[in-house]
Protein chains: 2
Amino acid sequence: MVPSEPTVILRLQIHFMVTANQQLIETLGVHLEGEYNLPPLAARIYAILILTDEDGLTFEDCLEKRGASKSSTSTSLNLLLNMGIITYFTKPGDRRRYFSIAKQKTFFLAKLQENLKRVEKEKAIITLVLDYHKKSSPKKFKEGQERTHIYLDYMNKNEALLTESIEKLKKILD
Amino acid sequence: MVPSEPTVILRLQIHFMVTANQQLIETLGVHLEGEYNLPPLAARIYAILILTDEDGLTFEDCLEKRGASKSSTSTSLNLLLNMGIITYFTKPGDRRRYFSIAKQKTFFLAKLQENLKRVEKEKAIITLVLDYHKKSSPKKFKEGQERTHIYLDYMNKNEALLTESIEKLKKILD
DNA sequence: CGTTTAGTTTGGTACCTTCCGAACCAACTG
DNA sequence: CAGTTGGTTCGGAAGGTACCAAACTAAACG
């Protein structure tokens with residue numbers, strides 16, 4: 001039996017939306033894997049939580065939307081909880097937990113703060129190496145000075161930018 | 001037999017310098033591992049090449065300084081060569097290759113360019129997610145708009161900073 | 001030619017990560 | 001109480017990474 005035309009179109013549309021969504025979950029998932037050093041499954045679940053319209057997803061929702069095992073879903077959700085990048089809430093008369101991303105407050109703020117830490121760490125390392133070269137081979141040190149200066153200059157400006165943005169963000173969150 | 005005092009002091013000093021150097025190699029090594037996604041051994045060899053006073057180290061120098069096997073040393077050096085973060089040169093009448101870090105030119109420039117790529121990639125992803133939310137749940141979208149704006153603003157400024165620094169660096173390298 | 005030098009390639013081991021199924025537990029429900 | 005729901009914990013299995021030792025190769029040396 002051939003379905004009537006409107007049905008076909010509707011099916012195609014739904015299929016398109018579903019696969020487009022899956023695609024986005026995948027894209028975002030890969031990104032998050034790298035960004036937060038998450039295992040594949042945890043990253044996909046995080047992506048699902050970021051993208052959903054619902055106000056919070058249950059354990060089972062997560063499980064079904066990804067098609068993973070109970071144990072892996074449990075492990076992944078707990079990992080995300082421990083990292084503080086998701087939270088859950090409960091509804092009265094409902095034993096289940098509803099998981100959702102920790103308010104974007106935390107999301108972007110954490111990102112900026114993390115970034116700041118990275119910059120500071122790198123500055124520290126560069127200083128360490130520079131000191132070492134200054135002592136052990138002044139010639140080599142002199143050579144690279146100008147380039148190094150540009151790089152350090154960028155790092156400092158970026159650091160200032162970060163501190164400033166963090167302040168701004170904190171202010172609107174009070 | 002008890003060594004005379006000066007000998008003891010000398011030994012202690014040498015030991016101190018050696019372990020201090022080893023420590024720095026280790027610290028820098030771990031940093032590079034994370035920064036360039038390098039396997040442990042490759043990262044340590046890279047660190048050794050960054051820190052040495054010599055004008056270039058041979059295969060055997062690398063092998064000895066790290067105490068690794070020939071095969072692993074070979075693999076690691078080739079990996080670093082393929083990634084373009086080290087180079088080698090030869091001396092007339094000497095069959096060996098002398099490895100050294102690719103000029104800091106490439107080092108810092110590559111770092112800035114890599115950073116720029118990361119920022120652009122993240123901006124793209126955020127836009128993607130934002131568009132999705134705008135379409136599927138406008139309420140959710142409105143809520144986070146102010147925070148998102150601050151973050152995107154930071155990203156744009158950082159992007160400008162990076163482009164600028166890259167230009168500066170390119171200029172002094174001509 | 002045989003020998004030495006400077007590396008490369010191959011095959012295998014050890015470890016680490018990620019996920020799963022199955023058994024388990026703890027709270028509530030009738 | 002027994003049964004269901006909402007998870008957690010445990011013991012692998014599969015796959016990937018990083019390293020090593022040993023065999024090999026290719027160029028130079030005498």
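All values reported here derive from a predicted model rather than from experimental measurement. Convention: sequence-line order gives letters A, B, ...; per-chain numbering from 1. Hydrogens, waters and symmetry mates are skipped; everything else that's a heavy atom, side chains included, is used.
Atoms CZ (B/Arg96) and P (D/dC29) sit 13 Å apart, rounded to a whole Å. Per the geometry, CG belonging to A/Asn78 stands 13 Å off C1' belonging to D/dG6, to the nearest Å. In this structure, A/Lys91 atom NZ and D/dG6 atom C1' are separated by 16 Å, rounded to whole Å. Here C/dT5 presents its C1' atom at 14 Å from CD of B/Glu64, a figure rounded to the nearest Å. Atom OH of A/Tyr88 is separated from atom C1' of D/dT8 by 14 Å (rounded to the nearest Å). Rounding to whole angstrom units, CG of residue A/Asp94 and C1' of D/dT5 are separated by 11 Å. Look at NZ on A/Lys70: it is 10 Å from P on D/dT5, rounded to the nearest Å. What separates CG of B/Leu63 from C1' of C/dG7 is a distance of 11 Å, to the nearest Å.
Dashed line: the shortest gap from a side-chain N or O of B/Arg95 to OP1 or OP2 of C/dA6 is not under 4.0 Å. A sub-4.0 Å separation between OP1 or OP2 of D/dT8 and a side-chain N or O of A/Ser74 is present. Put simply, A/Ser69 has no side-chain N or O that comes within less than 4.0 Å of OP1 or OP2 on C/dC19. Distances shorter than 4.0 Å separate none of the side-chain N or O atoms of B/Ser72 from OP1 or OP2 on D/dA18.
A side-chain donor-acceptor contact under 3.5 Å links B/Thr27 to the backbone of B/Gln23. Counting only distance, with no hydrogens or angles, the side chain of A/Asp61 and the backbone of A/Thr58 share a donor-acceptor pair below 3.5 Å. Checked by atom type and distance alone, the side chain of B/Thr127 pairs as donor or acceptor with a backbone atom of B/Lys123 at under 3.5 Å.
Salt bridge annotation for A/Asp153-A/Lys157: present, with a cationic side-chain nitrogen under 4.0 angstrom from a carboxylate oxygen.
Looking at A/Ser71, its side chain comes within 3.5 Å of the base of C/dG21 through a donor and an acceptor atom.
Comparing D/dA18, D/dG7, C/dG7 by their nearest atom to the side chain of B/Arg97 picks out C/dG7. Taking only side-chain atoms of A/Pro40, from C-beta outward, the nucleotide of D/dC19, C/dC20, C/dT18 with the closest atom is C/dT18.
Residue B/Glu60 is the one, among B/Glu60 and A/Ala42, whose nearest nucleotide of DNA chain C lies closer to the 5' end (criterion: closest heavy atom).
Between the side chains of B/Ser72 and B/Thr75, no donor-acceptor pair of N or O atoms lies under 3.5 Å.
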